[in-house]
Amino acid sequence: MKRDRISRTDLWAALVMVALWPGAVGAEAVSLLGRAGFLPAPRAALLRVEGTGATGPSLFTGRAGAGLFAPRATPRAPALPLSGAHGAVARHLRDLIARAEAGPKGYDAVQHGARVAPPRPPTALTLAEIEEWIAATPGQPHAIGRYQVIPATLRRLARALDLEPQTRFSPAVQDRMADRLLAEAGLAAALAGRMSRADFMHNLARIWAGLPTASGRSHYAGVAGNRATMTWAQFEAGMAKILPL
C-alpha cells in the first residue's frame with residue numbers, strides 16, 4: 001500500500017481531531033490516517049465518536065466521563081412534563097419515593113444530619129440560595145426537598161431542565177426534577193413492558209437510598225448513614241399497585 005508521509009506531530013493532531021470532532025473535521029483526519037497506512041480504509045469509520053446516551057443516574061455518586069475525550073451526552077429521557085397515564089403513574093411513584101425519603105416535611109425536608117439548616121424553608125429558596133447554603137456549610141449533608149436531592153444531582157438536573165439560578169425550589173420544580181430521574185431510571189420502558197418491575201425497582205433504589213433492594217437493604221447501606229426506610233415487601237406492594245403486571 002502506498003503511504004502518504006505524515007509526521008509524528010501531524011499524527012497526534014489527527015488523533016485529537018478524530019476524538020474531539022466526529023463530524024467533517026474528524027472524518028478528514030480519519031481519511032488522512034487511512035492514506036498514511038495507519039488505518040485500513042474500510043474500518044476507518046470505527047474511530048468516529050458518537051453520543052452514548054445514559055450512563056445511569058445516581059443521587060449518591062458522581063457523574064463519570066469528565067475527561068477530555070469523554071462523549072458529551074446527556075441521559076436519554078422522554079419529553080417532560082409527563083402527561084396522561086404516564087403522568088398519573090409518575091405522581092404515584094413520587095408519593096411512594098417521598099414516603100421513603102422526606103417524611104412529614106415533604107417538599108421542605110432537609111437531611112436530618114444537616115447541623116445548619118437553610119435560612120428559610122427549601123420551597124422559599126431559589127436554586128442560587130441553596131447553592132449559597134451549601135457553600136457556607138461544608139462538611140454536612142445537603143440532601144434537600146421531597147426527593148432529597150444532593151448538590152451534584154441538583155446542579156445536573158437544573159442544567160438538564162434549563163432552570164435559571166433564580167428559579168424557586170418550588171414543589172412544581174421538585175416534581176419536575178423527580179420526573180426527570182424517573183425517566184432516566186426507565187419509566188417508559190417499564191410502562192411498555194420492556195423492563196421488569198423488579199429491574200425498575202432496583203433502578204429506583206440506585207437513585208434513592210431510602211428505597212430497598214431485594215436484599216432488604218439500601219443500595220447505599222453504610223454510606224454516610226444511608227439506610228432503607230421501608231422493607232422490600234412494602235416497596236413491592238406499593239409498586240404492584242402503581243405498575244400492575
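These numbers were taken from a predicted model, which means no experiment stands behind them.
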Participant: Quick check against the 3.5 Å criterion: does Tyr220 have a side-chain atom that pairs as donor or acceptor with the backbone of Trp208?
Facilitator: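 Not confirmed, Tyr220 side chain does not pair with Trp208 backbone.
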
Participant: Ignoring hydrogens and geometry, is there a side-chain-to-backbone donor-acceptor pair from His202 to Ala214 under 3.5 Å?
Facilitator: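 Yes: the side chain of His202 pairs with the backbone of Ala214.
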
Participant: Any heavy-atom pair between the side chains of Met195 and Asn203 that's under 4.5 Å?
Facilitator: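 A side-chain contact under 4.5 Å exists here.
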
Participant: Just checking His142 against Trp133, ring centres under 6.0 Å apart?
Facilitator: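 Yes; Trp133 has its ring centre under 6.0 Å from that of His142.
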
Participant: So which atom in Ala114 and which in Val110 form the shortest heavy-atom distance, rounded to 0.1 Å?
Facilitator: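 The answer is CB-CG1, 3.9 Å.
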
Participant: Apply side chain to side chain contact (heavy atoms under 4.5 Å, CB included) to residues Leu182 and Leu204 and explain how you reach the verdict.
Facilitator: CA-CA 8 Å; Leu182 290 173; Leu204 295 178; 3.7 Å; yes

Participant: So, Asn226 and Ser218: side-chain donor and acceptor under 3.5 Å apart, yes or no?
Facilitator: no

Participant: What residues, two or more places apart in sequence or in another chain, satisfy side chain to side chain donor-acceptor pair (under 3.5 Å) together with Ser170?
Facilitator: none

Participant: Between Arg146 and Asp95, is there a side-chain N and carboxylate O pair less than 4.0 Å apart?
Facilitator: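 Salt bridge between Arg146 and Asp95, a charged N being under 4.0 Å from a carboxylate O: yes.
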
Participant: Hey, are Asp179 and Arg94 close enough for a salt bridge, meaning a charged N less than 4.0 Å from a carboxylate O?
Facilitator: yes

Participant: Mind checking the CD1-OG1 spacing from Ile144 to Thr153? Nearest 0.5 Å is all I need.
Facilitator: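 Reported to 0.5 Å precision, the distance equals 13.0 Å.
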
Participant: Looking at Thr229 and Ala100, what are the two nearest heavy atoms and their distance?
Facilitator: OG1-O, 2.7 Å

Participant: Between Pro119 and Leu125, what is the shortest heavy-atom contact and its length?
Facilitator: CG-CD2, 4.2 Å

Participant: Give me the atom names and distance for the closest heavy-atom approach of Gly216 to Ala228.
Facilitator: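 Gly216 and Ala228 have their closest heavy atoms at O-CB, 3.9 Å.
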
Participant: Which residue pairs satisfy the salt bridge (Lys or Arg N to Asp or Glu O under 4.0 Å) criterion with at least one member in residues 128-141, sequence neighbours excluded?
Facilitator: Arg120-Glu129, Glu131-Arg155

Participant: Could you tell me if the side chain of Leu93 sits less than 4.5 Å from the side chain of Met239, heavy atoms only?
Facilitator: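 Heavy-atom side-chain distance check passes, below 4.5 Å.
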
Participant: Side chains of Pro118 and Ile130: does their closest heavy-atom pair fall under 4.5 Å?
Facilitator: no

Participant: Is there a side-chain contact between Phe169 and Thr126, using heavy atoms and a 4.5 Å cut-off?
Facilitator: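 A side-chain contact under 4.5 Å is absent here.
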
Participant: Does some side-chain heavy atom of Met177 sit less than 4.5 Å from a side-chain heavy atom of Leu161?
Facilitator: yes

Participant: State the CG-CD1 distance between Leu154 and Ile134, to the nearest 0.5 angstrom.
Facilitator: 6.0 Å

Participant: When you measure from the side chain of Arg168 to the backbone of Thr123, do you find a donor-acceptor pair of N or O atoms at a distance under 3.5 Å?
Facilitator: yes

Participant: Could you walk me through whether Met230 and Leu96 pass the side chain to side chain contact (heavy atoms under 4.5 Å, CB included) check?
Facilitator: CA-CA 10 Å; Met230 65 175 62; Leu96 180 61; 4.0 Å; yes

Participant: Does any pair with a residue in residues 217-238 pass salt bridge (Lys or Arg N to Asp or Glu O under 4.0 Å), and if so which ones, sequence neighbours excluded?
Facilitator: none

Participant: In the structure I gave you, are the side-chain heavy atoms of Tyr147 and Ile207 within less than 4.5 Å of one another anywhere?
Facilitator: no

Participant: How far does CG of Leu211 sit from CD of Gln234, to the nearest 0.5 angstrom?
Facilitator: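 With rounding to 0.5 Å, CG (Leu211) is 11.5 Å from CD (Gln234).
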
Participant: With the 4.5 Å side-chain cut-off for hydrophobic clustering, are Ile150 and Val116 part of the same group?
Facilitator: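 In one cluster with Ile150: Val116, no.
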
Participant: Between the side chains of Glu164 and Thr167, does any donor sit under 3.5 Å from an acceptor?
Facilitator: no

Participant: Does the Gln148 side chain pair with the main chain of Glu101, one donor and one acceptor, at a distance under 3.5 Å?
Facilitator: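 The answer is no, because no donor-acceptor pair under 3.5 Å joins these two groups.
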
Participant: Within the 4.5 Å heavy-atom criterion, are Phe200 and Leu243 side-chain neighbours or not?
Facilitator: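 Phe200 vs Leu243: side chains touch.
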
